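Single-structure report; data block below.
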Amino acid sequence: MSFQLSNKRILLGISGGIAAYKTADWTRALRQDGAVVTVMMTESAQRFITPLTLAALSGNKVHTSMFAIADDERLPHIALGRDCDLILLAPATANTIARLAHGLTDDLVSAVVLAAQAKVLICPAMNGVMYRHPATTHNIARLKEYGYTVIPPACGELACGDQGPGRLAEWETVRQEIIAAITPQDLQGKKIMVSAGPTWEALDPVCLLTNRASGKMGYALAAAARRRGAEVIMVSGPSSITPPFGVKVVSVVSAREMHAAIRQWATAMDVIIMAAAVSDYRPSRYEPHKIKKGVTDTSLPLTANPDILRELGEQKKDTRCAPLLVGFAAESLDHLEEGRRKLTDKKLDLIAINDIKAEDAGFAGDNNRVTLLDCHGTVEEMPLLSKEEVAHRILNAILRQL
Ligand code: CTP
C-alpha cells in the first residue's frame, strides 16, 4: 500500500500492442497500492488481452465502446475523463499516438483523452523502427507540447525479435511517474539540502568509528522533497541506498567532509535538514598503517568534530534570509526533553525526535515513530509510519513555517 496512491482514481487506457499483457500486472500493482483502477481499451487491445481479465483484476467494469452505455446521461468519453485523477495510456501504440497527436476521436480511448482535464501519462511501446520513424517522433513531440507526460520506452529485445528502443517502460519507473504526477508541487522553487547517513571516522586504513545510521530517513526526505517540486541537494555519508531520481548527491565520508560540503551550499538554501548521524568525535590521530595486535597503549584519544547544525544556527542570527533549519535527535532517554534542549541550543526551527529504544522503529528499518517539535512550541506526535510518510509529514511542517 502506498499512501500517495491510496484512493487515487487511475484510468488505464490500453491500446493494441503485444505489451498489453503487461498491464494486467500493472492493474494488480496499482490496486495493491490502494488505487482505484478503471480500464478502457481500444478494439485492437482486446485482441491481445480480454476485457474480462482486466475487469477481474481491476474490480471494475471495463469500457470498450463510445456507445455501449447503460446511462444515457453520462457519455463515457466525458464521464471517464472527468472522474479520474490521472489517465495512464499503456501501451500507447504508434496508431494511438498518431490519433492523439492529431486530435482524432474515432475511438473511446482517444476521445476520452481529448475530452479530459486530468493529467495524462503516455507509455509508448512498439517496434523500434516504428518508434524511430520521423512520423512517430513528431507525433510524440506534439503530445509533449500538449502537456502530456511521455515516459520513454526501454531498450532491449522486442517481441518481434529486434533489439532497440520500444519495450514498454518498467513498472517501477511508471509508478514513480504516476506518484510524481499526482503529488502537489507545493515545494516548487524551494532549494532544500538534506544530509543523510552516518559518517566514518578512520583510525587506520582498516578501522573506523561510525554509527548504525542507514541513511533511509534522509534519502526518503530527499526523494519526497524532490517529488514535491523542490530542487534538492543531498550530502550523504556512506550508504548503500540508490540515490533518489533527480536529486544532486554529494558523497562524503567523514564529519569534516560533510561540514565542508554543507558550508559550500548552505547560504543558497531555503531549508537545511540535518538527518545525518554525524560522529561527534574522530580519532585524534590517523595511523597510516594498520594498527597491529599487541600495542601497549590501548587508549583511544578523540578530537571533537565540528557541530554542523550548531554552526548553522549560530550563523542564522547574522543573516536575514537564513535557511530554515531542521534537526534530528535520536534519543534513548528523556527524548522529548533532550529534543527540546537541542531545538533551543542549536537555534533550530524544527526538530524530529525518535526514540531509538522503540522496538518497531529505528535505524535500519523502513518505519519510524517521530515526534516533531517546532520553535513555536507546537508538538506533533506521529504514530508508527513508513519513513516515506514521515518524510512527507516533516515536509508539511516545514511548508507551514516557510
Ligand atoms: N549534528 C551536527 N553535527 C554534529 C553532531 C550532530 O550537525 N557534529 C546534528 C545532527 O545531524 C542532528 C542534530 O545535530 O540533526 C542532533 O544530533 P544528535 O547526535 O542527536 O545530538 P548531538 O548534538 O550530537 O548531542 P548528543 O550526541 O550529546 O545527544
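Read the numbers this way: they start at 1 and go in the same order the structure lists the ligands and their atoms. Just so it is clear, the structure is predicted and the values come from calculations on it, not from any experiment. Along the sequence shown, residues carry numbers from 1. The figures here come from the full heavy-atom set of this structure, side chains too, leaving out hydrogens, waters and symmetry mates.
Proximity to Met274 (heavy-atom distance under 4.0 Å) selects the following atoms of ligand 1: 7 (O), 11 (O), 12 (C), 15 (O). Heavy-atom proximity to Ile308, at under 4.0 Å, picks out these atoms of ligand 1: 2 (C), 3 (N), 7 (O). The Asp280 neighbourhood of ligand 1 comprises atoms 4 (C), 5 (C), 8 (N), 24 (O), 27 (O), with distances under 4.0 Å to a heavy atom of that residue. Atoms of ligand 1 lying under 4.0 Å from any heavy atom of Ala329, numbered from 1 in the order shown and given with element: 20 (O). Every atom of ligand 1 is numbered from 1 in the order shown, and the set under 4.0 Å from a heavy atom of Lys342 is 18 (P), 20 (O), 21 (O), 25 (O), 26 (P), 29 (O). Of all atoms in ligand 1, listed by their number and element, those nearer than 4.0 Å to a heavy atom of Gly327 are 15 (O). Those atoms of ligand 1 with a heavy atom of Ala276 less than 4.0 angstrom away are 10 (C), 11 (O).
Panel note: side chain Thr199, backbone Ser279; a donor-acceptor pair is recorded below 3.5 Å. Within the 3.5 Å criterion, the main-chain N or O of Ile291 finds a donor-acceptor partner in the side chain of Asp204.
The residues Glu170 and Arg175 are annotated as not salt-bridged, no charged nitrogen and carboxylate oxygen being separated by less than 4.0 angstrom. Between Lys347 and Glu314 there is a salt bridge, since a side-chain N of the basic residue sits under 4.0 Å from a carboxylate O of the acidic one. Between Arg142 and Glu145, none of the side-chain N atoms (NZ, or NE/NH1/NH2) sits under 4.0 Å from a carboxylate O, so this pair counts as no salt bridge. One finds a salt bridge joining Glu331 and Lys342 here, because a Lys/Arg side-chain nitrogen approaches an Asp/Glu carboxylate oxygen to under 4.0 Å. Using a 4.0 Å cut-off between a side-chain N of Lys or Arg and a carboxylate O of Asp or Glu, Asp307 and Lys346 qualify as a salt bridge. We find that Asp85 and Arg9 are joined by a salt bridge, their nearest charged nitrogen and carboxylate oxygen being less than 4.0 Å apart. Ion pair Lys316/Asp349 flagged as a salt bridge, since at least one NZ, NE, NH1 or NH2 atom sits closer than 4.0 Å to an Asp/Glu carboxylate oxygen.
Scanning all protein heavy atoms for the shortest distance to atom 2 (C) of ligand 1 gives Asp307 OD1, 3.4 Å. When hydrogens are left out, the protein atom nearest atom 7 (O) of ligand 1 is Leu309 N, 2.9 Å; that is the closest non-hydrogen contact. Taking atom 6 (C) of ligand 1 as the reference point, the nearest protein heavy-atom neighbour is Lys346 NZ, 3.8 Å.
Between Glu338 and ligand 1 there is no heavy-atom distance shorter than 4.0 Å. Proximity of Pro306 to ligand 1 is established by a heavy-atom distance of less than 4.0 Å.
Atom CG in Leu372 sits 5.5 Å away from atom CD1 in Ile394 (nearest 0.5 Å).
The distance criterion of under 3.5 Å between nitrogen or oxygen atoms is met by Phe328 with respect to ligand 1. Close N/O approach between Arg341 and ligand 1 is not found [any backbone or side-chain N/O within under 3.5 Å].
Protein heavy atoms are found inside the 4.0 Å sphere centred on atom 18 (P) of ligand 1.
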